Asks: 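Handing you a structure now.
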Amino acid sequence: MKLASWNVNSLKVRLPHLEEWVAQKRPDVLGLQETKLEDHAFPHAAIEALGYAGRVVSGQKTYNGVALLARGPIADVATAIPDFEDPQRRVIGGTIAGIRVIDLYVVNGESVGSEKYDYKLAWLAAVRNWLADELARHPRLVVMGDFNIAPDDRDVHDPVAWREQVLCSTPEREALKAITDLGLHDAFRLVEDGAGHYSWWDYRQGAFRRNHGLRIDLVLVSDALKRHVLAAGIDCAPRTWDRPSDHAPVWVDLDV
DNA sequence: ATGGTGGTGCGACCA
């Protein structure tokens with residue numbers, strides 16, 4: 001089973017890229033973030049035509065919005081963090097062929113110390129508690145998405161410039177560690193130790209051309225799935241296409 | 001350099 005995550009930054013604009021990328025890579029499960037579409041506007045027919053009979057969405061206008069796609073049915077769908085009031089549509093989960101899959105669009109946080117940053121840390125704490133519960137019920141768990149956190153300095157093009165800045169700050173990294181300490185493993189780091197692999201490049205200042213990126217899009221696999229990881233990676237190609245998302249798709253291949 | 005680019009949607013906002 002090949003699973004992928006992609007922040008498309010408007011599914012309406014990026015549908016042609018999604019179609020091209022899916023045709024090339026054929027993921028069995030795909031989690032999308034920043035669809036920026038209300039549920040009634042989701043392009044079900046186009047996505048079904050790509051081979052995704054299973055489609056669950058939690059969208060809103062202009063901001064946020066997530067979707068989870070699968071070849072077959074998606075059961076026990078979750079669209080909210082339990083016991084956490086949140087008007088923003090940032091989470092979707094379901095059970096696909098016996099694997100529990102959670103797709104997250106983590107709060108960006110704007111800047112360290114801002115109101116949005118405090119919301120980010122509270123949101124991450126609530127997600128940690130939710131995932132603890134999910135993991136207890138579903139040992140075979142995958143958590144994917146735009147985490148808006150670079151796990152360590154290997155994931156940052158200029159760690160000095162980014163030191164204690166939003167996406168890299170110690171409290172954010174500790175919040176991510178509180179999640180991975182549940183028994184979830186960054187699939188990319190199971191196959192690659194080195195620095196310089198990124199999944200997001202700012203649209204401004206030619207950041208992609210200069211490879212000024214961060215690795216903030218992750219696929220986490222539970223202890224029970226760790227030994228089933230065949231491969232994992234980041235596909236930078238769509239970032240080179242015309243009118244790209246600022247994020248690249250990330251993926252993991254499991255022998256399940 | 002208090003900037004820059006892109007999406008939404010037509011004025012700011014969010015990233």
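Basis for what follows: all heavy atoms, side chains included, without hydrogens, waters or symmetry-related copies. Here the structure is a predicted model, which means the values were calculated and not measured. Per chain, numbering begins at 1; letters A, B, ... match sequence-line order.
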Asks: Using the P atoms only, state how far B:dT5 lies from B:dG9, rounded to an integer number of Å.
Replies: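 Taking atom P in both B:dG9 and B:dT5, they lie 22 Å apart.
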Asks: Rounded to whole angstrom units, what separation is found between the NZ atom of A:Lys36 and the C1' atom of B:dC14?
Replies: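 The answer, rounded to whole Å, is 7 Å.
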Asks: Please enumerate all residues that pass side-chain contact (heavy atoms from CB on, under 4.5 Å) together with A:Gln165, with sequence neighbours excluded.
Replies: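 In terms of side-chain contact (heavy atoms from CB on, under 4.5 Å), with neighbours along the sequence ignored, A:Gln165 is linked to A:Trp162.
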Asks: Assuming nearest nucleotide by heavy-atom distance, tell me which of A:Arg204 and A:Lys12 is located more 5' along DNA chain B.
Replies: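 The residue whose closest nucleotide sits nearer the 5' end is A:Arg204.
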Asks: Rounded off to whole Å, could you give me the CG-to-C1' distance for the A:Asp242 and B:dT5 pair?
Replies: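 So the two atoms are 14 Å apart, to the nearest Å.
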Asks: Let me know the distance between CZ of A:Arg243 and P of B:dT5, rounded to the nearest Å.
Replies: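 The answer, rounded to whole Å, is 15 Å.
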Asks: Reading DNA chain B from 5' onward, which residue's closest nucleotide shows up sooner: A:Gln205 or A:Asp146?
Replies: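 Upstream on the strand: A:Gln205.
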Asks: From CD of A:Glu34 over to C1' of B:dG6, roughly how many Å is that when rounded to an integer?
Replies: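 That distance rounds to 11 Å.
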Asks: Rounded to whole angstroms, how far apart are CZ on A:Arg89 and P on B:dC14?
Replies: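 Checked: the CZ to P distance equals 18 Å.
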Asks: Looking only at side-chain N and O atoms, does A:Ser10 come under 4.0 Å of OP1 or OP2 in B:dG6?
Replies: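 Answer no for this pair, as no side-chain N or O of A:Ser10 is under 4.0 Å from OP1 or OP2.
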Asks: Is the shortest distance from a Lys or Arg side-chain nitrogen in A:Asp76 or A:Arg137 to a carboxylate oxygen in the other one below 4.0 Å?
Replies: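 Between A:Arg137 and A:Asp76 there is no salt bridge, as every charged N stays at least 4.0 Å from the carboxylate O atoms.
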Asks: Look at the rings of A:His212 and A:His157 and say which category their plane angle falls in: under 30° parallel, 30 to 60° tilted, over 60° perpendicular.
Replies: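 Correct class here is parallel.
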Asks: In whole angstrom, what separates A:Lys61's NZ from B:dC13's P?
Replies: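 After rounding, the gap between these two atoms is 16 Å.
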Asks: Take the protein atom OH of A:Tyr105 and the nucleotide atom P of B:dA15, then report the distance between them rounded to whole Å.
Replies: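 About 5 Å, once rounded to whole Å.
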Asks: Keeping A:Arg128 on the side-chain end and A:Ile179 on the backbone end, is there a donor-acceptor pair under 3.5 Å?
Replies: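 Judged by distance alone, no pair lies under 3.5 Å.
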Asks: Below the 4.0 Å mark, does B:dA15 have OP1 or OP2 next to a side-chain nitrogen or oxygen of A:Arg90?
Replies: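 It does, given that an N or O in the side chain of A:Arg90 lies less than 4.0 Å from OP1 or OP2 of B:dA15.
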Asks: Quick one: which of B:dT8, B:dA15, B:dG6 gets closest to the side chain of A:Tyr203?
Replies: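 Of the candidates, B:dG6 comes closest.
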Asks: Considering only the C1' atoms, how many Å lie between B:dG7 and B:dG11, rounded to the nearest integer?
Replies: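 That atom pair is separated by 14 Å.
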Asks: Under 4.0 Å: is that the gap between some side-chain N or O of A:Thr62 and OP1 or OP2 of B:dC13?
Replies: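 For A:Thr62, the contact criterion (side-chain N or O under 4.0 Å from OP1 or OP2 of B:dC13) is not met.
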Asks: C1' atom, B:dA12 versus B:dA1: distance in rounded Å?
Replies: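 It works out to 24 Å between them.
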Asks: With salt bridge (charged side-chain N to carboxylate O under 4.0 Å, His left out) as the test, pick out the partner of A:Lys120 among A:Glu172, A:Glu110, A:Glu115.
Replies: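 Running salt bridge (charged side-chain N to carboxylate O under 4.0 Å, His left out) over A:Glu172, A:Glu110, A:Glu115 with A:Lys120 returns exactly one hit, A:Glu172.
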Asks: Can you see if the side chain of A:Arg14 gets near the phosphate of B:dG7 - specifically, an N or O under 4.0 Å from OP1 or OP2?
Replies: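 For A:Arg14, the contact criterion (side-chain N or O under 4.0 Å from OP1 or OP2 of B:dG7) is met.
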Asks: Would you mind pulling out the nucleotide paired to B:dA12, Watson-Crick or G-U wobble, both distances under 3.5 Å?
Replies: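 Partner of B:dA12: B:dT8.
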Asks: Say we look at B:dC10 and B:dC14: how far apart would their C1' atoms be, to the nearest angstrom?
Replies: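 Rounded to whole Å, the distance is 16 Å.
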Asks: B:dC14, OP1 or OP2 - any side-chain N/O from A:Lys116 closer than 4.0 Å?
Replies: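 So the side chain of A:Lys116 is within the cut-off, an N or O lying under 4.0 Å from OP1 or OP2 of B:dC14.
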Asks: Can you find a side-chain donor-acceptor pair between A:Arg89 and A:Asn64 that sits under 3.5 Å?
Replies: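 Per modelled atom types, A:Arg89 and A:Asn64 side chains form no pair under 3.5 Å.
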Asks: For B:dT2, which nucleotide is its Watson-Crick or G-U wobble mate, given both distances must be under 3.5 Å?
Replies: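 Check on B:dT2: unpaired, no WC or wobble geometry under 3.5 Å.
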Asks: Between B:dA15 atom P and A:Asn148 atom CG, what is the distance in whole Å?
Replies: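 In whole Å, B:dA15 P and A:Asn148 CG are 8 Å from each other.
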